[in-house]
Amino acid sequence: MTTPPAETSAPSSAVPESAASESAVPESAVPESAAPASGGGLARAVRRRLHPDPTVRRLAAITLVNTVGNGLSLAVSVLFFTRVLGLSAAQLGFGMTAAGLCGVVASVPAGRAADRWGARRVLVALIALEAAGTAGYTLVHSYPAFVALACAVAALDRGSAAVRNALYAEVLPADRRVAGRAYLRVVTNAGLCAGTALGAVALQVDTRPVYLTAILVDAVSFVVVAAMFHRLPVPADRLSGLQEQGTGERTGEGTGRRNPALRDGPFLVVTVLNALLGLQFSVLEVGVPLWIVQETDAPRITVAGTLIVNTVLVIALQVRATRGTEDPATAARLCGRAGVILAASCVVIALAHGLPAAAAAVVVLGGVALQSFGEVLGQAGGWALSYDLAGERAHGAYQGVYNAGTAAALMIGPALVSTAVIGYGLLGWAVLGAVLAAAGLAMGPAVRWAGRRDGKA
């Protein structure tokens, strides 16, 4: 299951998202002796897969609670909005677009707030408000109220995504952040799958009380997550650093009036290029299903198969893909490889047009497998660059700007991808692939630009 880079914390339909070693997921990460002798084979296997870093384990527990609630809400939200609230498809689409725009705008000030008052404090406040906003959907009785609430929840969601990424920089050492993000992304996929399974039960029952209960359960999960973040320890040096007022543009003492990230040319270029690579999520979630149903003879069940293939490969490969990303040049090369692989996946998926049903299904699934390889590489490289090119005392500001680019891609991606795929067919796939390849390959020059600038400094 594809999840946006920010590991978003609110249902996308309502709104629009660290390792002790880089090989944290393999069984060898935790010694055999760490499991109790009497725990049995199953307990020992589970224990081996727990992350060795206690902070990452706590973050993983928070992520699991959060994403199970999100998966439940994602599964039922469209029917809740249309059948319970009585919204038309057009009304829902407009509301989600407006909400997405609010999410883009909210990321930057939320990141700045994290630098000024501390990421943990700001994140707890945003998630608590998001809990109230999510519960508020059950009280909506008019379309203007829905749009206003959707915009508020979207702003809180994207803001909390930016602040959460800044919090990772506060609680994890620099050389463990990217691997930790990868581990949490694996947990995110597992949690979304579990929550979606619960949502399937609610869809089968298909009653108003069940839909209302599902939304309220998601709201309660936000309350639990806020409490868990409140108890998350932050290193003392990070807390004391929040009191310091810096003057450098790049060293991160960015608690003054001007946002250092908005004046950092190389970082802004990397943000835009990462946003373009982020179109890959719309390819899988929108472009591929439309292509399968409207332009190929592949069975419609192939749509579900693409999600399964993507989920399995992301879980299996995401942590391994982070190896070597401590070096910005290596991270940039990963993004370049990701762009080329994503372009190849577009070509392969396009070739399914006109093939017999079975062959078309195999080709599409092969293309999605390629897309998944590109996805894990692009995510690993993008995470690394978002931290490496940021000022150490201004991670909130930098993550806010970076997340705004991601949010913009998530907002405009579905329309761009669907237009390219359905409107222009094979040519559209080729152009889309060229954009992804160009974005990935341009990361190298952008990072070298940042290096030259830092060298002069």
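Computed over heavy atoms, backbone and side chain alike; hydrogens, waters and symmetry mates excluded. Please read these numbers as outputs of a predicted model, since none were measured by experiment.
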Answer yes or no: is there a side-chain heavy-atom contact under 4.5 Å between [X] and [Y]?
| X | Y | value |
| --- | --- | --- |
| Leu342 | Phe373 | no |
| Arg158 | Leu410 | yes |
| His395 | Glu170 | no |
| Leu276 | Leu436 | no |
| Pro233 | Val171 | no |
| Trp429 | Leu351 | no |
| Val147 | Cys151 | yes |
| Phe267 | Val401 | yes |

Least distance between heavy atoms, [X] atom then [Y] atom:
| X | Y | value |
| --- | --- | --- |
| Ser221 | Asn66 | OG-O, 4.5 Å |
| Leu370 | Ile341 | O-CG2, 3.1 Å |
| Val447 | Ala329 | CG1-N, 4.4 Å |
| Leu72 | Val217 | CD2-CG1, 3.6 Å |
| Val122 | Ala113 | CG2-O, 3.5 Å |
| Ala380 | Val178 | O-CG1, 3.7 Å |

Out of curiosity, [X] [atom1] to [Y] [atom2], how far, rounded to the nearest 0.5 Å?
| X | Y | atom1 | atom2 | result |
| --- | --- | --- | --- | --- |
| Leu167 | Ser160 | CG | OG | 11.5 Å |
| Ser372 | Ile315 | OG | CD1 | 11.0 Å |
| Ile422 | Tyr424 | CD1 | OH | 13.0 Å |
| Leu416 | Ser282 | CG | OG | 8.0 Å |
| Thr306 | Gln371 | OG1 | CD | 9.0 Å |
| Phe81 | Leu92 | CZ | CG | 7.0 Å |

Under a 3.5 Å cutoff, is there a donor and acceptor pairing between the side chains of Thr330 and Arg333?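 Per modelled atom types, Thr330 and Arg333 side chains form a pair under 3.5 Å.
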Regarding Tyr398 and Asp264, do their side chains bring together a donor and an acceptor under 3.5 Å, going by distance alone?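 Yes - a donor-acceptor pair under 3.5 Å links their side chains.
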Under the 3.5 angstrom rule, does the side chain of [X] hit a backbone N or O of [Y] as a donor-acceptor pair?
| X | Y | answer |
| --- | --- | --- |
| Trp383 | Arg181 | no |
| Arg337 | Gly374 | no |
| Tyr387 | Asn165 | yes |
| Arg177 | Ala169 | yes |
| Tyr402 | Gly382 | yes |
| Ser73 | Asn70 | no |
| Asn189 | Arg185 | yes |
| Thr322 | Gln318 | no |
| Ser418 | Pro414 | yes |
| Arg58 | Phe229 | no |

Worked check of side-chain contact (heavy atoms from CB on, under 4.5 Å) between Val283 and Val288: CA-CA 6 Å; Val283 170; Val288 171; 4.2 Å; yes
Show the numbers, then the answer: is there a side-chain contact (heavy atoms from CB on, under 4.5 Å) between Leu126 and Glu130? CA-CA 6 Å; Leu126 291 175; Glu130 192 170 1; 6.0 Å; no
Under the side-chain contact (heavy atoms from CB on, under 4.5 Å) rule, what do Leu172 and Leu59 come out as? Steps first, then yes or no, please. CA-CA 11 Å; Leu172 298 172; Leu59 291 172; 4.3 Å; yes
Decide yes or no on side-chain contact (heavy atoms from CB on, under 4.5 Å) for Leu64 and Val68, but give the supporting numbers first. CA-CA 6 Å; Leu64 186 62; Val68 168; 4.2 Å; yes
